[in-house]
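For reference, positions follow the sequence shown, starting with 1.
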Amino acid sequence: MDEKVLLEWKDANAEVYSKFKQDLEEKLQSPFHQTILDMGDGNAESLYTAIANLAAVTSDEGFDIDKLYSMAVETNDTSAYCLCCYLLFENGTDQLVKALSEKAEKPDTKEILDAVEEYKHFSKKNRKQETTEITTNELNLLTLRRWHYDHIEEYAEFTATFQKAYDGDMTFIQNNFFFLMEMLSFNGVKGMMKIVAGLFPGNKHYGKSLTEADDNPLKGRLSEMLNSSLNNEAIRERLLHKNPYLFSLYYWIIFDDGFLHAADLISKTFLKAESSYWEKLIGQKAVEALIGASINKAQYSKGQWKEIAKQLKKGEAKRVIDAALLEAKGRRGRKGTVVLLEEMLSPEYVSILTEEIEKVLSEWRQADETDVILAYVFAALVMGGFVNDEYNYRTFHAAIQEKFPKFNTNKGFDWAEIVYNAIISKGSNGSTNITGVQTERAKSYAAEIKLRLLSVINPNTN
């Protein structure tokens, strides 16, 4: 390496070198989290190229400055020339070591690095729990209920982790922060840090959030998650492989009023009277995001949130909820009931009834391809008192499709629904689409199936 030639290059490119040195030292002195954000936005080019060049010439013995110089000459790489000058003429080696060691000792550095390690551990653990083969390509709410029905203990572990959060255990919050990163397909930690940075004044991410239509950086991201996560190939794959935590999380949100519970936890964690300004700001934005996303994307109703607000009576959380509800467009709540066949039946007879229903359907299919048999079966169940609640025919039809896919039950149910309503009607069937003769025949079939079901439950039934 010819130091004289390198010095001549430095003098000839004084302006370029000065900017490189200034940018590099500025990034080395900035907080670790800001460095990550800047590198993610492409605003830390000097540091990025310095790291890349050092990596290319580093070995177990240290880095080879002669090799770096040769690389600069061969490729005419300005950044490599600048780094050579910095290392040789600015005592750069000691400067880099000192800056990196000081950065490593700062609290934010340790917290971020620890968080990255926790994320890697969490991700690895959940991958191990996933099934290796995809068992279905159908993702719907009944699939979710089926998973929950077969994995009660795993779901109980999930909800237990949530309850521990009230006592200060951060596992639930941390795990969902990690999954939110994956659901939204951000660049991991960098993407989530940008969202958080949008809550705090004094940085460009906050300034950008103020110029957007919605100044809450969490709200749009949460709505995006619920709107597109099933269409996102990465998340779809996790769901198809039966990721236990992800299934629990979705079930909790959709069927167990998870957003309402989350808002309660946030209010008790961040929106206390003694909470700092920044804690209240984060809590406020989080609750606003939950309300907006739950009503617009997850079919929660404004009435559900109003009930929560009534329980709070007063305080910061109630004010936040009331204000957010004024902006939210009301929904009528969930449009349909999603229930498994086993959940519809009397608990003590579930296995006996499902087995006999399968036999009835199989026998009918051998002689007739129509789905009208479902109307007879459901009417028999209702008349025999084997159903544990009031359900409409459409709910039963969907439950049969999920439970017995081998029978290829049609997705259309109009005719069978008319027949069912005619069977259970005490007076006129109320439909001009079915004759009296058809109605009587349907009632006869339903009565025969009812007796059959009664006989398998109690063989002494006459």
Side-chain angles (χ1 to χ4, degrees), residues 159 162-168 170 172-173 176-177 179-180 183-184 192 194-202 205-229 249-336:
T159 53
F162 170 76
Q163 290 300 324
K164 291 178 183 177
Y166 284 96
D167 299 322
M170 293 295 289
F172 181 85
I173 295 173
N176 284 284
F177 188 83
F179 255 117
L180 192 59
M183 286 178 178
L184 299 177
M192 291 306 296
K194 287 181 184 179
I195 290 182
V196 176
L199 298 172
F200 295 92
H205 301 285
Y206 177 79
K208 183 180 179 183
S209 72
L210 294 179
T211 62
E212 295 176 343
D214 189 345
D215 67 352
N216 185 339
L218 292 173
K219 189 185 294 183
R221 300 299 187 269
L222 199 53
S223 292
E224 180 186 342
M225 176 197 78
L226 294 171
N227 190 46
S228 64
S229 60
L249 180 60
Y250 268 80
Y251 186 91
W252 187 67
I253 290 172
I254 295 170
F255 293 111
D256 215 357
D257 296 329
F259 277 150
L260 302 178
H261 299 310
D264 181 69
L265 175 62
I266 290 169
S267 69
K268 288 179 170 59
T269 305
F270 293 100
L271 297 176
K272 298 179 291 188
E274 64 272 21
S275 297
S276 68
Y277 169 76
W278 298 113
E279 287 178 315
K280 289 183 178 179
L281 179 61
I282 293 173
Q284 174 187 332
K285 297 298 184 183
V287 172
E288 287 176 357
L290 290 173
I291 292 173
S294 69
I295 292 176
N296 294 331
K297 302 296 180 183
Q299 301 296 332
Y300 285 60
S301 68
K302 293 180 75 171
Q304 288 174 284
W305 284 103
K306 287 178 180 178
E307 286 301 314
I308 291 292
K310 286 180 182 177
Q311 296 173 25
L312 297 172
K313 300 186 185 306
K314 62 180 180 179
E316 190 73 18
K318 176 175 173 55
R319 184 189 66 76
V320 171
I321 293 175
D322 288 341
L325 287 176
L326 290 176
E327 298 182 7
K329 295 180 180 179
R331 293 289 183 101
R332 298 174 64 185
R334 297 189 183 96
K335 296 179 180 179

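- Listed by chain and residue number, nothing satisfies the ring pair (Phe, Tyr, Trp, His ring centres under 6.0 Å) test with Phe270 (two or more places apart in sequence, or in another chain).
- Nearest heavy-atom pair, Leu271 versus Gln284, reported as atom, atom and distance to 0.1 Å: CD2-N, 3.8 Å.
- Atoms CD1 and CG, from Ile253 and Leu260 in turn, are 11.5 Å apart once rounded to the nearest 0.5 Å.
- Put simply, the side chain of Lys268 never gets that close to the backbone of Tyr166: no donor and acceptor are under 3.5 Å apart.
- In terms of heavy-atom proximity, Leu290 sits nearest to Ala262 at CD1-CB, 3.8 Å.
- Taken to the nearest 0.5 Å, the CG atom of Leu325 stands 11.0 Å off from the CD1 atom of Ile308.
- Looking at residues two or more places apart in sequence or on another chain, you find a salt bridge (charged side-chain N to carboxylate O under 4.0 Å, His left out) between Lys318 and Asp322.
- Contact detail for Val287 and Ala263: the closest heavy-atom pair is CG2-O, 4.4 Å.
- The nearest pair of heavy atoms linking Ser275 to Thr269 is OG-O, 4.1 Å.
- Under the ring-ring contact (aromatic ring centres under 6.0 Å, His included) rule, Phe259 has a single partner from Trp252, Tyr300, Tyr250, Trp305, which is Tyr300.
- With sequence neighbours excluded, no residue forms a side-chain hydrogen bond (donor to acceptor under 3.5 Å, both in side chains) with Lys164.
- For the atom pair CD of Glu274 and NZ of Lys280, the computed distance is 8.5 Å after rounding to the nearest 0.5 Å.
- The minimum heavy-atom distance linking Glu288 with Val320 is given by the pair CG-CG1, 4.1 Å.
- By the 4.5 Å heavy-atom criterion applied to side chains, Ile291 and Ile321 are counted as neighbours.
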